[in-house]
**Q** 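After the structure tokens below, expect a handful of questions from me.
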Amino acid sequence: MISFLVNNVDVQVDAPGDTPLLWILRDWLNLTGTKFGCGVAQCGACTVHVDGQARRSCVTPVASVAGSAVTTVEGLAATAGDGREFHPLQAAWIEVQAPQCGYCQPGQLMQAAALLGETPDPSDDDIRNGMAANLCRCMAYVRIRKAIKLAAQAQNGGRK
Amino acid sequence: MRVAILTAAAALSTTVALATEADLRRSESFDAKQDRIERSVALFGEMAKVITHPRCMNCHPADNIPRQGDEQRLHRPPMVRGGEASFGPSGLHCNSCHGSENLAVVGHDRDIPGHDPWQLAPASMGWIGLSVHEICVQLKDPARNGNRSLADIHKFLATDGLVGWGWHPGKGREAAPGTQEILGELTQAWIQTGAACPK
């Protein structure tokens with residue numbers, strides 16, 4: 001039995017330890033916000049947080065997260081700690097209408113949250129480097145960058 | 001029958017041992033060189049077979065971009081060194097994808113390499129594009145080698161786990177030549193003979 005937290009809820013799964021975390025989230029826990037893209041850590045669609053750090057869940061054996069805290073896009077808003085429905089990034093995503101087809105967006109949001117967690121006021125280079133491994137086939141990159149900057153501004157109390 | 005099996009096993013064992021020797025000569029094979037400096041230079045030349053191998057060089061970029069594979073292509077997906085910690089930019093650390101051990105991926109001919117920690121060498125130790133002479137000089141320079149003494153360098157090359165990964169790179173990658181033990185012996189002998197650098 002492998003025990004860990006998912007979005008602050010204790011879970012225990014009786015699965016082979018090498019099962020990708022992605023499949024545990026989607027098929028066992030019905031948290032389908034996290035997407036399967038490439039399966040080989042090349043696209044970022046499956047990004048979640050493990051103990052606050054971005055992790056590609058498609059190449060993360062579930063045994064490796066035993067005792068850890070996993071956050072998925074479903075739990076992102078709660079991490080802001082302000083009781084609002086949306087995380088500042090999600091609010092900014094809506095405001096600038098960042099998604100097109102939307103498939104990669106949960107991974108984009110989780111990666112952006114990891115970026116802002118370390119660099120609250122990111123430069124264009126910070127955003128380019130930190131988001132470079134999250135692919136968007138709709139080419140929404142300009143809007144994504146705009147939304148990250150907007151969210152950073154909101155998180156920093158409107159200062160810029 | 002039993003004799004035949006034992007003979008075959010002995011032959012296999014000899015073949016493996018010879019392959020290791022052929023890949024990377026042991027330090028004693030340089031004992032015949034009478035001149036101490038000449039021997040030291042030759043020892044570093046042998047060490048350089050490991051140091052310049054893709055398993056080592058891929059994580060010693062001079063341009064802050066890691067390389068991948070035996071062909072040393074640019075890292076895919078795009079990745080940069082990040083800050084001084086050298087484990088990726090803000091929010092995207094090496095261990096976002098690289099776990100604590102090599103990971104087999106169904107349908108793919110290469111494992112995703114893994115070790116804890118997984119990170120680049122410091123920026124001051126960028127080797128790609130340098131000559132063996134330049135690498136040697138850099139390796140000995142405390143200002144550029146992380147303030148390491150020669151004894152520290154020996155310990156690092158002989159025992160560090162991430163260096164050791166070079167001989168256990170998983171499916172789809174060539175292992176570094178020889179063994180980490182032989183590299184350690186060569187390094188010790190190189191230091192004992194004056195740690196001379198090739199010209």
Side-chain angles (χ1 to χ4, degrees), chain A residues 17-21 23 37-66 68 89 107-135 141 148 152, chain B residues 58-59 61-69 71 73-120 123 126 161 165 168-173:
Chain A
D18 61 353
T19 308
L21 175 61
W23 300 127
C38 64
V40 288
Q42 293 287 310
C43 76
C46 67
T47 303
V48 298
H49 293 179
V50 176
D51 296 330
Q53 304 289 317
R55 194 77 71 83
R56 304 305 193 233
S57 62
C58 71
V59 294
T60 301
V62 65
S64 73
V65 302
S68 293
L89 277 164
Q108 302 277 2
L109 279 162
M110 297 309 288
Q111 187 61 51
L115 168 63
L116 292 188
E118 287 184 35
T119 306
D121 187 16
S123 65
D124 282 358
D125 271 353
D126 292 330
I127 295 172
R128 190 178 302 116
N129 291 332
M131 301 297 294
N134 283 75
L135 305 184
Y141 299 113
I148 292 171
Chain B
N58 284 359
C59 290
D63 59 3
N64 296 325
I65 300 173
R67 303 300 200 271
Q68 286 180 320
E71 66 275 37
R73 64 168 184 272
L74 293 173
H75 192 282
R76 289 196 308 258
M79 192 66 178
V80 295
R81 174 185 303 283
E84 286 186 14
S86 299
F87 55 53
S90 271
L92 184 62
H93 300 174
C94 299
N95 63 4
S96 293
C97 303
H98 295 278
S100 58
E101 54 190 44
N102 298 332
L103 183 83
V105 182
V106 175
H108 286 258
D109 57 359
R110 294 182 190 194
D111 290 355
I112 295 176
H115 179 271
D116 186 17
W118 188 266
Q119 62 190 98
L120 293 180
W165 172 88
H168 306 281
K171 193 172 73 171
R173 288 174 191 82

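The chains referred to below are lettered A, B, ... by the order of the sequence lines, with proteins before strands, and numbering in each begins at 1.
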**Q** Rounded to the nearest 0.5 Å, how far apart are OG of A:Ser64 and CD of B:Glu101?
**A** 9.0 Å
**Q** Between A:Pro61 and B:Leu103, what is the shortest heavy-atom contact and its length?
**A** CG-CD1, 3.8 Å
**Q** Let's test your reading of the structure: which of B:Arg76, B:His93, B:His98 forms the most heavy-atom pairs below 4.5 Å with chain A?
**A**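 Highest number of heavy-atom pairs under 4.5 Å: B:His93.
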**Q** For A:Ala54, is there any backbone N or O sitting under 3.5 Å from a side-chain donor or acceptor partner on B:Ser96?
**A** yes
**Q** What are the two closest non-hydrogen atoms of A:Ala133 and B:Leu92, and how far apart are they?
**A**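 So the minimum-distance heavy-atom pair works out to CB-CD2, 3.8 Å.
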**Q** Is it the case that atom NE2 in B:His168 sees more than 12 heavy atoms from other parts of the structure closer than 6.0 Å?
**A** no
**Q** Work out which heavy atom in A:Arg55 is nearest to a heavy atom in B:Asn95; give both atom names and the distance.
**A** CD-O, 3.1 Å
**Q** What part of A:Pro20 is in contact with chain B, defined as an atom under 4.5 angstrom from a non-hydrogen atom: side chain, backbone, both or neither?
**A**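 Contact with chain B involves no heavy atom of A:Pro20 at all.
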**Q** Could you look at A:Gln53 and say if it's the side chain, the backbone, both or neither that has a heavy atom under 4.5 Å from chain B?
**A**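 Only the side chain of A:Gln53 comes within 4.5 Å of chain B.
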**Q** I need the minimum non-hydrogen distance between A:Val59 and B:Ile112, along with the two atoms involved.
**A** CG1-CD1, 3.4 Å
**Q** Within the supplied structure, the quantity of interest is the number of heavy atoms (other residues, nucleotides, ligands) at a distance under 6.0 Å from B:Glu71 CD; does it exceed 12?
**A** yes
**Q** Looking at every heavy atom in both A:Arg56 and B:Cys97, which two are closest together, and how far apart are they?
**A** CG-SG, 3.4 Å
